[in-house]
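A short worksheet on the structure shown next.
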Amino acid sequence: LTLILVSVTLMTSSCKKEEEVPNFANNWDEDIYVFADNLKKRHKNLFYKVSKDEFYSDIQILRSKSDSLSSTDINIELFKIISKIGDSHTSIDSGPWLTTLPFTVEWLSDGIFITAINDENSQHLGKKIVSICGVNIENILEQFSTLVAYENESCLRWFIVSYLRSPEIYHYFGISDSETSIILNLEDGIDIELKSENTELESIYNTTPIPLYLSNRNDYYWFTPLDNEKILYIQYNRARERNSLSFQSFTNQISELINQSDTINKIVIDLRLNSGGNSLIAKPLIDLMHYYVNNSRLLRENIYVVIGRKTFSSAVLNSIELMNAIDPVFIGEPSGGKPNHFGEVETFSLPFSKLRVSYSIKYFNWVQDDPPSIMPTTTIELSSHDLLQGTDPILEYILTQ
């Protein structure tokens with residue numbers, strides 16, 4: 001009898017104790033708990049940047065306030081917690097509580113400028129915003145940056161512009177008294193009131209020339225000869241296969257054109273709009289460039305790779321592969337994607353709010369010295385003059401070389 005009791009005791013103690021689920025004060029309290037618990041279990045390294053103590057302190061504070069905060073404020077507080085993780089591939093959706101103002105902006109070398117707006121304010125396209133609701137734009141950017149998960153300055157400049165369209169965020173920071181409207185203060189002294197609404201926007205490119213790099217931005221990949229067929233311009237916008245044309249067939253077309261040409265001596269590979277996808281897709285083009293350089297058909301100094309703040313994720317890996325294969329000239333802005341980064345994204349949804357949380361399950365360690373961005377050999381930023389004239393200073397520079 002004694003032996004049997006000992007055996008039962010050992011079996012019971014060896015069983016894994018089920019994790020106790022706390023009692024929840026409300027639906028949001030449960031969502032916040034599930035948010036933290038799943039990120040801890042699923043993310044590749046949740047405490048890579050933020051400490052465990054700080055993360056759980058923020059979670060406990062938010063749970064304790066879940067009865068008194070609005071759904072909007074809780075959504076924004078979750079942005080803040082995500083931002084501290086320091087992984088630009090880890091994010092949470094904006095819920096239905098966050099609405100959209102009818103304008104878009106671009107952070108250019110000389111400030112924040114309106115690139116699209118509702119029809120009644122279309123005369124203000126291309127104008128500079130100096131403050132919003134009387135608060136200096138630099139102060140607003142500093143406050144809003146606490147909501148953005150970014151790993152370098154380029155990534156921040158890309159991501160933050162979408163947050164500038166939510167009136168609820170201005171109200172959260174005490175910048176606006178309203179949750180549905182803001183007032184843009186423009187450089188010319190004009191003030192514009194914008195209210196949340198679903199409406200078609202007038203783009204600045206309705207009245208100014210569209211630069212080449214924006215002319216086919218929805219096409220995954222395309223090419224065209226330039227400068228009397230001395231330059232072959234290749235734009236690779238999305239790391240996905242086109243149903244109508246595989247990337248291998250696309251590369252074969254490029255090869256055929258170069259082989260038949262007596263004039264093409266420069267190649268431009270434009271990755272500035274490529275935010276990622278499948279990094280393996282670009283391999284045929286990288287191999288082709290390597291072949292031409294190794295066989296002296298092209299000079300490595302005549303191959304230009306254009307990068308920028310939207311060059312992200314697998315497009316960063318493709319840039320590194322091009323760097324290792326042919327050492328081309330990199331031109332444009334520092335990449336928004338960090339060379340060594342978390343990625344391979346999966347998702348889960350919160351039970352009450354249904355907000356989708358994206359998180360990384362892998363860490364990519366591609367570069368030994370861990371730089372924040374891929375840095376261009378020649379840095380060229382877009383300015384308001386370029387925006388208003390519809391010009392591309394990067395391509396203009398290449399044409400003069």
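For this chain, numbers begin at 1 and follow the sequence in order.
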* Give the ring-plane orientation class for Trp97 versus Trp28, where under 30° counts as parallel, over 60° as perpendicular and anything between as tilted. => tilted

* Asked: Would you say Ile114 and Ile129 make side-chain contact, with heavy atoms under 4.5 Å?
  -> yes

* Asked: Are Ile85 and Tyr48 close enough that some pair of their side-chain heavy atoms sits under 4.5 Å apart?
  -> no

* With the threshold set at 4.0 Å, does a side-chain nitrogen-carboxylate oxygen contact exist between Arg63 and Asp31? -> no

* If you measure only the distance, is there a donor-acceptor pair under 3.5 Å linking the side chains of Thr115 and Thr104? -> yes

* Determine whether more than 12 heavy atoms belonging to other residues, nucleotides or ligands lie under 6.0 Å from atom CG of Asn259. => yes

* Asked: Would you find a donor on one side and an acceptor on the other, under 3.5 Å apart, between the side chain of Asn206 and the backbone of Glu202?
  -> no

* To do: Give a yes or no on whether Lys127 atom NZ has more than 12 heavy-atom contacts from other residues, nucleotides or ligands under 6.0 Å away.
  => yes

* To do: Kindly indicate, with the supporting measurements, whether the criterion side-chain contact (heavy atoms from CB on, under 4.5 Å) is fulfilled by Asp58 and Lys84.
  => CA-CA 10 Å; Asp58 289 342; Lys84 291 184 180 181; 2.9 Å; yes

* Please step through side chain to side chain donor-acceptor pair (under 3.5 Å) for the pair Asn265 and Asn302, ending with a clear verdict. => CA-CA 7 Å; Asn265 58 22; Asn302 285 341; 5.3 Å; no

* Salt-bridged, Arg242 to Asp219, with N to O below 4.0 Å? -> yes

* Asked: Would you say the side chains of Asp73 and Tyr172 form a donor-acceptor pair under 3.5 Å?
  -> no

* To do: Please check if atom CG in Asp369 has more than 12 non-hydrogen atoms from other residues, nucleotides or ligands closer than 6.0 Å.
  => yes

* Asked: Are Val345 and Tyr359 close enough, and set up right, to give a side-chain contact (heavy atoms from CB on, under 4.5 Å), and what steps lead you there?
  -> CA-CA 5 Å; Val345 174; Tyr359 60 94; over 6 Å; no

* Measuring from Ile234:CD1 to Gln253:CD, what's the distance to the nearest 0.5 Å? -> 11.5 Å

* To do: Return yes if a side-chain donor-acceptor contact under 3.5 Å exists between Ser88 and Glu151, otherwise no.
  => yes

* **Any side-chain donor near an acceptor of the partner, Glu256 and Asn252, under 3.5 Å** => no

* Derivation and outcome, ring-ring contact (aromatic ring centres under 6.0 Å, His included), residues Phe364 and His341 -> CA-CA 5 Å; Phe364 297 92; His341 62 270; 5.3 Å; yes

* Arg297, CZ atom: more than 12 neighbouring heavy atoms under 6.0 Å -> yes

* Asked: Is it the case that His171 and Ser178 place a side-chain donor and acceptor less than 3.5 Å from each other?
  -> no

* To do: Show your reasoning for whether side-chain contact (heavy atoms from CB on, under 4.5 Å) applies to Leu186 and His124.
  => CA-CA 9 Å; Leu186 306 183; His124 302 299; 3.8 Å; yes

* Would you say the side-chain atoms of Asn274 and Asn237 include a donor-acceptor pair closer than 3.5 Å? -> no

* **Backbone of Ser181 reached by a side-chain donor or acceptor of Ser176 within 3.5 Å** => yes

* Would Lys338 and Asp370 count as a salt bridge (charged side-chain N to carboxylate O under 4.0 Å, His left out) if you check the C-alpha gap in whole Å, the side-chain angles of each, and the deciding distance to 0.1 Å? -> CA-CA 8 Å; Lys338 189 172 181 284; Asp370 196 26; 2.5 Å; yes

* Expected output: side-chain Asp188 to main-chain Ile190 donor-acceptor under 3.5 Å -> yes

* To do: State, yes or no, whether a side-chain contact exists between Ser196 and Thr100 at a heavy-atom distance under 4.5 Å.
  => no

* With a cut-off of 6.0 Å (strictly less than), are more than 12 heavy atoms of other residues, nucleotides or ligands near CG of Asn198? -> no

* To do: Supply the atom-to-atom distance Gln143 CD to Glu138 CD, rounded to the nearest 0.5 angstrom.
  => 12.5 Å

* Quick one: do Asn118 and Asn121 satisfy side chain to side chain donor-acceptor pair (under 3.5 Å)? Show the steps, please. => CA-CA 6 Å; Asn118 56 1; Asn121 289 300; 2.9 Å; yes

* To do: Give a yes or no on whether Asp177 atom CG has more than 12 heavy-atom contacts from other residues, nucleotides or ligands under 6.0 Å away.
  => no

* May I ask you to test the Lys362-Lys44 pair for a side-chain heavy-atom distance under 4.5 Å? => no

* Asked: Do Tyr363 and Phe342 have ring centres separated by under 6.0 Å?
  -> yes

Distance-only donor-acceptor hits, side chain of residues 321-328, under 3.5 Å, sequence neighbours excluded:
residue: Glu321; atom: OE1; partner: Asn318; partner atom: ND2; Å: 3.1
residue: Asn324; atom: ND2; partner: Ile320; partner atom: O; Å: 3.4

* Salt-bridged, Arg42 to Glu346, with N to O below 4.0 Å? -> no

* Would Thr263 and Ser261 count as a side chain to side chain donor-acceptor pair (under 3.5 Å) if you check the C-alpha gap in whole Å, the side-chain angles of each, and the deciding distance to 0.1 Å? -> CA-CA 5 Å; Thr263 56; Ser261 172; 3.2 Å; yes

* To do: Tell me, with the steps shown, if Ser360 and Asp87 meet side chain to side chain donor-acceptor pair (under 3.5 Å).
  => CA-CA 8 Å; Ser360 301; Asp87 167 16; 2.7 Å; yes

* Asked: Between the side chains of His385 and Asp110, does any donor sit under 3.5 Å from an acceptor?
  -> no

* So, for Tyr170 and Phe144, is the gap between ring centers shorter than 6.0 Å? -> yes

* Quick one: does Val306's side chain get under 4.5 Å of Val268's, heavy atoms only? -> yes

* Proximity of His89 and Phe312 rings by center, below 6.0 Å -> yes

* Asked: Side-chain donor-acceptor pair under 3.5 Å between Glu168 and Thr99, yes or no?
  -> yes

* Establish, yes or no, whether a centroid distance under 6.0 Å links the rings of Tyr150 and Trp158. => no

* To do: For Thr377 and Ile331, run side-chain contact (heavy atoms from CB on, under 4.5 Å): C-alpha distance rounded to whole Å, both residues' side-chain angles, the deciding distance at 0.1 Å, then the answer.
  => CA-CA 6 Å; Thr377 313; Ile331 187 168; over 6 Å; no

* Asked: Are any of the side-chain heavy atoms of Asn218 and Asn216 separated by less than 4.5 Å?
  -> no

* State, without any angle test, whether Ser66 and Asn26 hold a side-chain donor-acceptor pair at a distance under 3.5 Å. => yes

* **Identified side-chain contact (heavy atoms from CB on, under 4.5 Å) partner of Asn152 from the options Pro334, Ser373, Pro371** => Ser373

* Asked: Is the count of non-hydrogen atoms from other residues, nucleotides or ligands lying under 6.0 Å from Lys128 atom NZ greater than 12?
  -> yes

* Exercise: do Ser383 and Asp386 side chains pair donor with acceptor under 3.5 Å -> yes

* Evaluate the criterion ring-ring contact (aromatic ring centres under 6.0 Å, His included) for residue pair Phe35 and Phe348; output intermediate values, then yes/no. => CA-CA 9 Å; Phe35 167 84; Phe348 63 88; 7.3 Å; no

* Pairs where residues 243-264 contributes a residue and the test ring-ring contact (aromatic ring centres under 6.0 Å, His included) is met, not counting sequence neighbours -> Tyr221-Phe247, Tyr221-Phe250, Phe223-Phe250, Tyr236-Phe247, Phe247-Phe250

* If you draw the axis of the six-membered ring of Trp107, does the NZ or CZ of Arg157 fall within 45° of it and under 6.0 Å from the ring centre? -> yes

* If you draw a 6.0 Å radius around CG in Asn365, do more than 12 non-hydrogen atoms from other residues or ligands fall strictly inside? -> yes

